[in-house]
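When a ligand or atom number is given, it counts from 1 through the structure's own listing order.
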Amino acid sequence: MRKKASAWLALALGIGMALSGCSSSNSSSDNAKQGSQKAGEKLEIFSWWTGAGEEDGLKALIKLFQEKYPDIEVENAAVAGGAGTNAKAVLASRMQGNDPPSTFQVHGGAELNEGWVAAGKMEPLNDLYEKEGWMDKFPKALIDMVSKDGNIYSVPVNIHRGNVLWYNKKIFADNGLQPPKTFDEFFQVADKLKAKGITPLALGDKEPWVATHLFENVLLGTLGTENYKKLWTGEVSFNDPQVKQAVETFKKMLNYINEDHSSRNWQDAAQLVAEGKAAMYVMGDWVKGYFVNDLKLKVNQDFGYVPVPNTEGKFMVITDTFGLPKGVKNPDDVKKFLAVLGSVEGQDAFNPLKGSIPARIDADPSKYDEYGKQTMQDFKTAELAPSLAHGSAAPEGFVTKVNQAVNIFVTQKDVKTFIDTLASAATELKK
Ligand code: GAL
(Lines give C-alpha, C1' and ligand atoms only; values in the text may rest on other atoms or scores of the structure.)
Protein backbone atom coordinates (compact mmCIF):
# COMPACT_ATOMS: atom_id res chain seq x y z
CA MET A 1 0.00 0.00 0.00
CA ARG A 2 2.76 2.38 0.99
CA LYS A 3 4.55 1.82 -2.32
CA LYS A 4 1.38 2.35 -4.27
CA ALA A 5 0.68 5.55 -2.40
CA SER A 6 4.18 6.87 -2.92
CA ALA A 7 4.08 6.11 -6.64
CA TRP A 8 0.75 7.82 -6.93
CA LEU A 9 1.98 10.84 -5.02
CA ALA A 10 5.12 11.05 -7.11
CA LEU A 11 3.05 11.01 -10.23
CA ALA A 12 0.63 13.61 -8.95
CA LEU A 13 3.46 15.93 -8.13
CA GLY A 14 5.20 15.23 -11.40
CA ILE A 15 8.44 14.35 -9.71
CA GLY A 16 9.01 10.94 -11.18
CA MET A 17 12.21 12.06 -12.83
CA ALA A 18 13.56 13.43 -9.62
CA LEU A 19 12.98 10.13 -7.90
CA SER A 20 14.67 7.94 -10.44
CA GLY A 21 17.87 6.54 -9.05
CA CYS A 22 16.52 6.67 -5.51
CA SER A 23 15.82 3.56 -3.51
CA SER A 24 14.88 0.96 -6.06
CA SER A 25 11.63 -0.55 -4.97
CA ASN A 26 10.05 2.82 -4.39
CA SER A 27 10.91 4.20 -7.79
CA SER A 28 7.92 5.74 -9.46
CA SER A 29 6.55 5.17 -12.94
CA ASP A 30 7.76 7.82 -15.29
CA ASN A 31 5.99 6.93 -18.45
CA ALA A 32 7.34 9.63 -20.64
CA LYS A 33 10.87 8.42 -20.09
CA GLN A 34 10.35 4.70 -20.53
CA GLY A 35 7.34 4.85 -22.78
CA SER A 36 5.74 2.28 -20.52
CA GLN A 37 2.15 1.72 -19.48
CA LYS A 38 -0.26 3.70 -17.45
CA ALA A 39 1.35 5.48 -14.54
CA GLY A 40 1.31 3.70 -11.21
CA GLU A 41 1.03 0.21 -12.74
CA LYS A 42 3.65 -1.64 -10.80
CA LEU A 43 5.50 -4.69 -11.94
CA GLU A 44 4.49 -7.34 -9.48
CA ILE A 45 6.89 -10.27 -9.42
CA PHE A 46 5.33 -13.28 -7.78
CA SER A 47 7.43 -16.20 -6.49
CA TRP A 48 8.12 -18.24 -3.36
CA TRP A 49 11.63 -16.98 -2.94
CA THR A 50 11.72 -15.44 0.48
CA GLY A 51 14.21 -15.87 3.28
CA ALA A 52 17.18 -18.11 3.77
CA GLY A 53 18.75 -19.56 0.67
CA GLU A 54 15.95 -18.40 -1.57
CA GLU A 55 15.81 -14.67 -2.08
CA ASP A 56 19.35 -13.49 -2.83
CA GLY A 57 19.23 -14.36 -6.52
CA LEU A 58 15.85 -12.73 -7.00
CA LYS A 59 16.97 -9.57 -5.26
CA ALA A 60 20.05 -9.37 -7.48
CA LEU A 61 17.87 -9.78 -10.56
CA ILE A 62 15.43 -7.10 -9.42
CA LYS A 63 18.33 -4.78 -8.66
CA LEU A 64 19.70 -5.27 -12.17
CA PHE A 65 16.27 -4.62 -13.65
CA GLN A 66 15.85 -1.46 -11.65
CA GLU A 67 19.23 -0.18 -12.76
CA LYS A 68 18.02 -0.56 -16.31
CA TYR A 69 14.48 0.67 -15.74
CA PRO A 70 14.55 2.96 -12.72
CA ASP A 71 11.14 4.30 -13.53
CA ILE A 72 9.22 1.07 -13.42
CA GLU A 73 7.99 0.41 -9.94
CA VAL A 74 8.67 -3.17 -8.86
CA GLU A 75 6.89 -5.07 -6.17
CA ASN A 76 8.49 -8.24 -4.92
CA ALA A 77 5.35 -10.21 -4.10
CA ALA A 78 6.96 -13.41 -2.86
CA VAL A 79 4.96 -15.78 -0.66
CA ALA A 80 7.09 -17.92 1.68
CA GLY A 81 7.12 -21.73 1.60
CA GLY A 82 9.51 -24.11 -0.15
CA ALA A 83 8.59 -25.37 -3.63
CA GLY A 84 5.61 -23.02 -3.68
CA THR A 85 3.82 -24.75 -0.79
CA ASN A 86 1.79 -21.61 -0.06
CA ALA A 87 2.49 -19.49 -3.12
CA LYS A 88 0.78 -21.87 -5.52
CA ALA A 89 -2.51 -21.67 -3.63
CA VAL A 90 -2.38 -17.89 -3.48
CA LEU A 91 -1.58 -17.76 -7.19
CA ALA A 92 -4.44 -20.10 -8.06
CA SER A 93 -7.00 -17.99 -6.28
CA ARG A 94 -5.68 -14.80 -7.86
CA MET A 95 -5.72 -16.33 -11.33
CA GLN A 96 -9.25 -17.57 -10.77
CA GLY A 97 -10.29 -14.13 -9.67
CA ASN A 98 -8.73 -12.58 -12.81
CA ASP A 99 -6.21 -10.74 -10.69
CA PRO A 100 -2.93 -12.14 -12.02
CA PRO A 101 0.42 -10.82 -10.84
CA SER A 102 2.40 -9.15 -13.64
CA THR A 103 4.58 -12.25 -13.82
CA PHE A 104 4.96 -15.35 -11.69
CA GLN A 105 7.35 -18.20 -11.00
CA VAL A 106 6.24 -21.40 -12.65
CA HIS A 107 8.10 -24.63 -13.34
CA GLY A 108 8.66 -25.53 -16.96
CA GLY A 109 6.82 -28.68 -18.04
CA ALA A 110 3.38 -29.84 -16.92
CA GLU A 111 2.91 -27.17 -14.25
CA LEU A 112 3.07 -24.50 -16.93
CA ASN A 113 1.70 -26.32 -19.95
CA GLU A 114 -0.98 -28.57 -18.49
CA GLY A 115 -1.83 -25.94 -15.91
CA TRP A 116 -1.85 -22.27 -16.84
CA VAL A 117 -1.42 -22.62 -20.60
CA ALA A 118 -4.11 -25.29 -20.95
CA ALA A 119 -6.43 -23.08 -18.91
CA GLY A 120 -5.89 -20.30 -21.46
CA LYS A 121 -4.29 -18.00 -18.91
CA MET A 122 -0.94 -17.25 -20.58
CA GLU A 123 0.19 -15.09 -23.49
CA PRO A 124 2.60 -16.64 -26.01
CA LEU A 125 6.08 -15.13 -26.00
CA ASN A 126 7.32 -16.21 -29.43
CA ASP A 127 7.79 -12.58 -30.45
CA LEU A 128 9.97 -11.90 -27.42
CA TYR A 129 12.14 -14.95 -28.17
CA GLU A 130 12.58 -13.75 -31.74
CA LYS A 131 13.27 -10.16 -30.77
CA GLU A 132 15.86 -11.18 -28.19
CA GLY A 133 17.41 -13.80 -30.48
CA TRP A 134 16.84 -16.53 -27.90
CA MET A 135 15.89 -19.48 -30.08
CA ASP A 136 19.44 -20.83 -30.13
CA LYS A 137 20.46 -19.43 -26.75
CA PHE A 138 18.43 -21.80 -24.60
CA PRO A 139 18.81 -25.58 -24.93
CA LYS A 140 16.08 -27.02 -27.12
CA ALA A 141 15.05 -29.40 -24.33
CA LEU A 142 14.31 -26.39 -22.17
CA ILE A 143 12.41 -24.46 -24.83
CA ASP A 144 10.32 -27.60 -25.32
CA MET A 145 9.51 -27.59 -21.60
CA VAL A 146 8.02 -24.11 -21.87
CA SER A 147 6.18 -24.66 -25.15
CA LYS A 148 2.80 -26.02 -26.07
CA ASP A 149 1.35 -26.50 -29.57
CA GLY A 150 4.13 -24.48 -31.19
CA ASN A 151 3.98 -21.50 -28.86
CA ILE A 152 6.48 -20.56 -26.16
CA TYR A 153 4.95 -19.42 -22.89
CA SER A 154 7.68 -18.54 -20.42
CA VAL A 155 11.35 -17.69 -19.99
CA PRO A 156 13.59 -19.98 -17.90
CA VAL A 157 15.76 -18.14 -15.41
CA ASN A 158 17.69 -21.20 -14.28
CA ILE A 159 18.24 -24.92 -14.17
CA HIS A 160 18.36 -26.56 -10.77
CA ARG A 161 19.62 -30.09 -10.32
CA GLY A 162 17.45 -32.22 -8.09
CA ASN A 163 19.51 -35.41 -7.78
CA VAL A 164 22.27 -34.24 -5.48
CA LEU A 165 23.47 -35.95 -2.32
CA TRP A 166 25.06 -33.33 -0.09
CA TYR A 167 27.37 -34.57 2.63
CA ASN A 168 29.32 -33.28 5.58
CA LYS A 169 33.00 -33.53 4.64
CA LYS A 170 34.29 -33.74 8.18
CA ILE A 171 31.98 -36.58 9.19
CA PHE A 172 33.01 -38.55 6.12
CA ALA A 173 36.72 -37.87 6.64
CA ASP A 174 36.64 -38.61 10.39
CA ASN A 175 34.97 -41.93 9.72
CA GLY A 176 37.05 -42.88 6.70
CA LEU A 177 33.98 -42.97 4.45
CA GLN A 178 33.51 -42.36 0.73
CA PRO A 179 30.29 -40.82 -0.57
CA PRO A 180 28.06 -43.65 -1.82
CA LYS A 181 27.54 -44.22 -5.52
CA THR A 182 24.94 -46.96 -5.31
CA PHE A 183 22.06 -47.73 -3.00
CA ASP A 184 24.05 -50.66 -1.59
CA GLU A 185 26.93 -48.36 -0.76
CA PHE A 186 24.48 -45.88 0.72
CA PHE A 187 23.20 -48.47 3.18
CA GLN A 188 26.73 -49.62 4.07
CA VAL A 189 27.76 -46.04 4.84
CA ALA A 190 24.50 -45.40 6.67
CA ASP A 191 24.97 -48.45 8.89
CA LYS A 192 28.47 -47.36 9.83
CA LEU A 193 27.27 -43.88 10.70
CA LYS A 194 24.33 -45.17 12.68
CA ALA A 195 26.65 -47.42 14.67
CA LYS A 196 28.62 -44.32 15.62
CA GLY A 197 25.48 -42.50 16.75
CA ILE A 198 25.42 -40.11 13.76
CA THR A 199 22.15 -39.54 11.91
CA PRO A 200 22.97 -40.81 8.40
CA LEU A 201 20.30 -38.97 6.39
CA ALA A 202 18.65 -35.60 7.04
CA LEU A 203 15.00 -35.14 6.15
CA GLY A 204 12.72 -32.15 6.76
CA ASP A 205 9.27 -33.04 5.51
CA LYS A 206 7.22 -30.49 7.41
CA GLU A 207 6.30 -29.37 3.89
CA PRO A 208 5.16 -32.48 2.02
CA TRP A 209 7.19 -32.01 -1.18
CA VAL A 210 10.49 -32.75 0.56
CA ALA A 211 9.75 -36.46 1.02
CA THR A 212 8.47 -36.62 -2.56
CA HIS A 213 11.77 -35.10 -3.65
CA LEU A 214 13.65 -37.96 -1.99
CA PHE A 215 11.25 -40.55 -3.38
CA GLU A 216 11.49 -39.34 -6.97
CA ASN A 217 15.26 -39.62 -6.77
CA VAL A 218 14.98 -43.20 -5.61
CA LEU A 219 12.58 -43.85 -8.49
CA LEU A 220 15.06 -42.38 -10.98
CA GLY A 221 17.93 -44.37 -9.50
CA THR A 222 15.93 -47.60 -9.59
CA LEU A 223 14.02 -47.35 -12.88
CA GLY A 224 16.60 -45.50 -14.96
CA THR A 225 15.76 -42.41 -16.97
CA GLU A 226 13.62 -43.98 -19.69
CA ASN A 227 11.31 -45.91 -17.43
CA TYR A 228 11.19 -43.09 -14.90
CA LYS A 229 9.92 -40.80 -17.67
CA LYS A 230 7.39 -43.38 -18.76
CA LEU A 231 5.78 -43.31 -15.32
CA TRP A 232 4.42 -39.86 -16.12
CA THR A 233 2.95 -40.87 -19.46
CA GLY A 234 1.36 -44.00 -18.07
CA GLU A 235 3.59 -46.23 -20.23
CA VAL A 236 5.13 -47.73 -17.11
CA SER A 237 2.65 -48.63 -14.40
CA PHE A 238 3.07 -47.95 -10.71
CA ASN A 239 2.35 -51.64 -10.30
CA ASP A 240 5.61 -52.40 -12.07
CA PRO A 241 8.00 -54.51 -9.92
CA GLN A 242 10.67 -51.82 -10.31
CA VAL A 243 8.41 -49.31 -8.58
CA LYS A 244 7.94 -51.77 -5.73
CA GLN A 245 11.69 -52.13 -5.51
CA ALA A 246 12.06 -48.33 -5.37
CA VAL A 247 9.43 -48.09 -2.64
CA GLU A 248 11.25 -50.75 -0.62
CA THR A 249 14.51 -48.84 -0.97
CA PHE A 250 12.80 -45.60 0.01
CA LYS A 251 11.26 -47.36 3.01
CA LYS A 252 14.65 -48.67 4.08
CA MET A 253 16.16 -45.19 3.81
CA LEU A 254 13.56 -43.92 6.25
CA ASN A 255 15.24 -46.05 8.93
CA TYR A 256 18.19 -43.67 8.79
CA ILE A 257 16.58 -40.24 9.12
CA ASN A 258 16.41 -37.77 11.99
CA GLU A 259 13.53 -38.32 14.40
CA ASP A 260 12.26 -34.75 14.21
CA HIS A 261 11.96 -34.77 10.41
CA SER A 262 8.29 -33.75 10.37
CA SER A 263 8.96 -30.53 12.26
CA ARG A 264 11.74 -29.33 9.95
CA ASN A 265 11.58 -27.58 6.61
CA TRP A 266 14.22 -28.05 3.90
CA GLN A 267 16.53 -25.43 5.34
CA ASP A 268 16.26 -26.87 8.86
CA ALA A 269 17.17 -30.31 7.55
CA ALA A 270 20.12 -28.88 5.60
CA GLN A 271 21.29 -27.29 8.82
CA LEU A 272 21.71 -30.74 10.39
CA VAL A 273 24.33 -31.52 7.75
CA ALA A 274 25.92 -28.09 8.06
CA GLU A 275 26.28 -28.50 11.82
CA GLY A 276 27.56 -32.07 11.65
CA LYS A 277 24.42 -33.50 13.23
CA ALA A 278 23.57 -35.53 10.15
CA ALA A 279 25.87 -36.80 7.43
CA MET A 280 23.89 -36.71 4.16
CA TYR A 281 20.98 -34.91 2.56
CA VAL A 282 19.15 -35.42 -0.73
CA MET A 283 17.97 -32.03 -2.01
CA GLY A 284 18.08 -29.77 -5.04
CA ASP A 285 20.97 -27.39 -5.42
CA TRP A 286 19.13 -24.44 -3.91
CA VAL A 287 20.81 -25.97 -0.86
CA LYS A 288 24.12 -24.74 -2.18
CA GLY A 289 22.79 -21.17 -2.16
CA TYR A 290 21.69 -21.71 1.42
CA PHE A 291 24.98 -23.29 2.55
CA VAL A 292 27.16 -20.67 0.92
CA ASN A 293 25.17 -17.42 1.21
CA ASP A 294 23.41 -17.94 4.50
CA LEU A 295 25.54 -20.39 6.46
CA LYS A 296 28.85 -19.19 4.98
CA LEU A 297 30.06 -22.73 4.29
CA LYS A 298 32.71 -23.47 1.69
CA VAL A 299 32.08 -25.62 -1.35
CA ASN A 300 34.13 -28.83 -1.28
CA GLN A 301 35.56 -27.94 2.08
CA ASP A 302 32.69 -27.91 4.55
CA PHE A 303 30.32 -29.83 2.34
CA GLY A 304 30.66 -32.13 -0.62
CA TYR A 305 28.22 -33.31 -3.26
CA VAL A 306 27.73 -36.30 -5.51
CA PRO A 307 24.81 -37.45 -7.61
CA VAL A 308 22.20 -39.32 -5.59
CA PRO A 309 23.19 -43.04 -5.49
CA ASN A 310 22.49 -44.83 -8.77
CA THR A 311 21.92 -41.55 -10.64
CA GLU A 312 25.37 -40.72 -11.97
CA GLY A 313 25.05 -39.50 -15.56
CA LYS A 314 21.45 -38.48 -14.89
CA PHE A 315 20.16 -34.99 -14.23
CA MET A 316 16.86 -34.35 -12.47
CA VAL A 317 15.85 -31.10 -14.12
CA ILE A 318 14.02 -28.34 -12.32
CA THR A 319 13.55 -25.09 -14.15
CA ASP A 320 12.08 -21.91 -12.72
CA THR A 321 10.47 -19.80 -15.39
CA PHE A 322 8.44 -16.62 -15.65
CA GLY A 323 5.73 -15.76 -18.16
CA LEU A 324 3.13 -13.20 -19.08
CA PRO A 325 -0.37 -13.89 -17.75
CA LYS A 326 -3.29 -12.80 -19.88
CA GLY A 327 -5.03 -9.64 -18.76
CA VAL A 328 -2.16 -7.84 -17.04
CA LYS A 329 -2.22 -4.09 -17.47
CA ASN A 330 1.50 -3.64 -18.11
CA PRO A 331 2.53 -6.31 -20.65
CA ASP A 332 5.32 -4.17 -22.10
CA ASP A 333 6.91 -3.73 -18.68
CA VAL A 334 6.59 -7.45 -18.06
CA LYS A 335 8.37 -8.15 -21.33
CA LYS A 336 11.14 -5.76 -20.32
CA PHE A 337 11.56 -7.72 -17.11
CA LEU A 338 11.52 -11.03 -18.97
CA ALA A 339 14.12 -9.70 -21.39
CA VAL A 340 16.44 -8.87 -18.49
CA LEU A 341 15.73 -12.23 -16.81
CA GLY A 342 16.55 -14.04 -20.04
CA SER A 343 19.71 -12.06 -20.77
CA VAL A 344 23.20 -13.35 -20.03
CA GLU A 345 23.60 -10.54 -17.53
CA GLY A 346 20.33 -11.40 -15.79
CA GLN A 347 21.09 -15.09 -15.59
CA ASP A 348 24.60 -14.45 -14.31
CA ALA A 349 23.27 -12.10 -11.62
CA PHE A 350 20.68 -14.60 -10.43
CA ASN A 351 22.19 -18.06 -10.65
CA PRO A 352 25.52 -17.85 -8.82
CA LEU A 353 23.52 -16.80 -5.75
CA LYS A 354 20.63 -19.20 -6.23
CA GLY A 355 22.76 -22.35 -6.54
CA SER A 356 21.38 -23.12 -9.98
CA ILE A 357 23.09 -22.96 -13.35
CA PRO A 358 22.06 -20.55 -16.08
CA ALA A 359 19.42 -21.76 -18.50
CA ARG A 360 21.26 -20.04 -21.36
CA ILE A 361 24.07 -21.88 -23.05
CA ASP A 362 26.23 -18.77 -23.50
CA ALA A 363 26.42 -17.57 -19.88
CA ASP A 364 29.82 -16.88 -18.34
CA PRO A 365 31.15 -19.97 -16.49
CA SER A 366 33.76 -17.88 -14.65
CA LYS A 367 30.94 -16.39 -12.58
CA TYR A 368 30.20 -19.80 -11.07
CA ASP A 369 31.95 -21.77 -8.34
CA GLU A 370 33.32 -25.31 -8.67
CA TYR A 371 29.91 -26.78 -8.07
CA GLY A 372 28.29 -24.57 -10.71
CA LYS A 373 30.98 -25.26 -13.32
CA GLN A 374 30.73 -29.00 -12.75
CA THR A 375 26.94 -28.89 -12.98
CA MET A 376 27.06 -26.90 -16.22
CA GLN A 377 29.27 -29.64 -17.65
CA ASP A 378 27.07 -32.43 -16.34
CA PHE A 379 23.95 -30.86 -17.82
CA LYS A 380 25.46 -31.03 -21.30
CA THR A 381 26.09 -34.76 -21.23
CA ALA A 382 23.62 -36.20 -18.74
CA GLU A 383 20.31 -37.92 -19.38
CA LEU A 384 17.67 -35.38 -18.44
CA ALA A 385 14.75 -36.38 -16.25
CA PRO A 386 11.88 -34.06 -15.29
CA SER A 387 11.17 -33.57 -11.60
CA LEU A 388 7.75 -34.59 -10.31
CA ALA A 389 8.01 -32.78 -6.97
CA HIS A 390 8.91 -29.58 -8.84
CA GLY A 391 6.17 -29.55 -11.38
CA SER A 392 7.77 -30.67 -14.62
CA ALA A 393 6.75 -34.31 -14.89
CA ALA A 394 3.02 -34.26 -14.22
CA PRO A 395 0.13 -31.87 -13.57
CA GLU A 396 -0.35 -30.21 -10.22
CA GLY A 397 -3.39 -32.30 -9.23
CA PHE A 398 -1.37 -35.50 -9.54
CA VAL A 399 1.62 -34.03 -7.67
CA THR A 400 -0.66 -33.09 -4.79
CA LYS A 401 -1.99 -36.65 -4.55
CA VAL A 402 1.53 -38.07 -4.62
CA ASN A 403 2.64 -35.64 -1.90
CA GLN A 404 -0.21 -36.80 0.30
CA ALA A 405 0.49 -40.47 -0.35
CA VAL A 406 4.23 -40.09 0.26
CA ASN A 407 3.67 -38.34 3.54
CA ILE A 408 1.30 -41.00 4.78
CA PHE A 409 3.86 -43.59 3.72
CA VAL A 410 6.64 -41.89 5.67
CA THR A 411 4.71 -42.47 8.89
CA GLN A 412 2.84 -45.69 8.10
CA LYS A 413 5.37 -47.42 5.81
CA ASP A 414 2.66 -49.53 4.18
CA VAL A 415 4.10 -50.46 0.77
CA LYS A 416 0.93 -51.91 -0.69
CA THR A 417 -1.34 -49.01 0.26
CA PHE A 418 1.22 -46.54 -1.06
CA ILE A 419 1.56 -48.25 -4.43
CA ASP A 420 -2.20 -48.70 -4.76
CA THR A 421 -2.71 -44.98 -4.11
CA LEU A 422 -0.06 -44.01 -6.66
CA ALA A 423 -1.49 -46.39 -9.26
CA SER A 424 -5.00 -45.10 -8.81
CA ALA A 425 -3.86 -41.45 -8.97
CA ALA A 426 -1.94 -42.28 -12.18
CA THR A 427 -5.10 -43.20 -14.05
CA GLU A 428 -5.55 -39.47 -14.64
CA LEU A 429 -2.18 -39.13 -16.41
CA LYS A 430 -2.15 -38.64 -20.16
CA LYS A 431 -1.34 -41.78 -22.10
C1 GAL B 1 11.72 -25.42 -6.14
C2 GAL B 1 12.19 -24.25 -6.95
C3 GAL B 1 13.53 -23.81 -6.49
C4 GAL B 1 13.58 -23.63 -4.98
C5 GAL B 1 12.92 -24.80 -4.26
C6 GAL B 1 12.77 -24.63 -2.77
O7 GAL B 1 10.44 -25.83 -6.54
O8 GAL B 1 12.22 -24.62 -8.29
O9 GAL B 1 13.91 -22.62 -7.12
O10 GAL B 1 13.04 -22.44 -4.66
O11 GAL B 1 11.67 -25.07 -4.78
O12 GAL B 1 11.83 -23.68 -2.46
(request) Could I get the full list of side-chain contact (heavy atoms from CB on, under 4.5 Å) partners for Asp260, not counting sequence neighbours? (result) Asn258, Ser263, Arg264
(request) Would you please classify the geometry between the Phe409 ring and the Phe418 ring as parallel, tilted or perpendicular, with 30° and 60° separating the classes? (result) parallel
(request) Let me know which of Gln105, Lys354, His390 forms a side chain to side chain donor-acceptor pair (under 3.5 Å) with Asp320. (result) Gln105
(request) Can you tell me which residues line ligand 1 if we count any heavy atom under 4.0 angstrom from one of its atoms, in chain and number order? (result) Trp48, Trp49, Glu54, Gly82, Ala83, His107, His160, Trp266, Trp286, Ile318, Asp320, Lys354, His390
(request) Taking side-chain hydrogen bond (donor to acceptor under 3.5 Å, both in side chains) as the test, write out the residues that go with Asn407, two or more places apart. (result) none
(request) List for me each residue that meets side-chain hydrogen bond (donor to acceptor under 3.5 Å, both in side chains) alongside Tyr290, sequence neighbours excluded, and say none if there are none. (result) Gln271
(message) For the residue pair Lys169 and Phe303, would you count it as a cation-pi contact if the rule is NZ or CZ under 6.0 angstrom from the ring centre and within 45 degrees of the ring axis?
(response) no
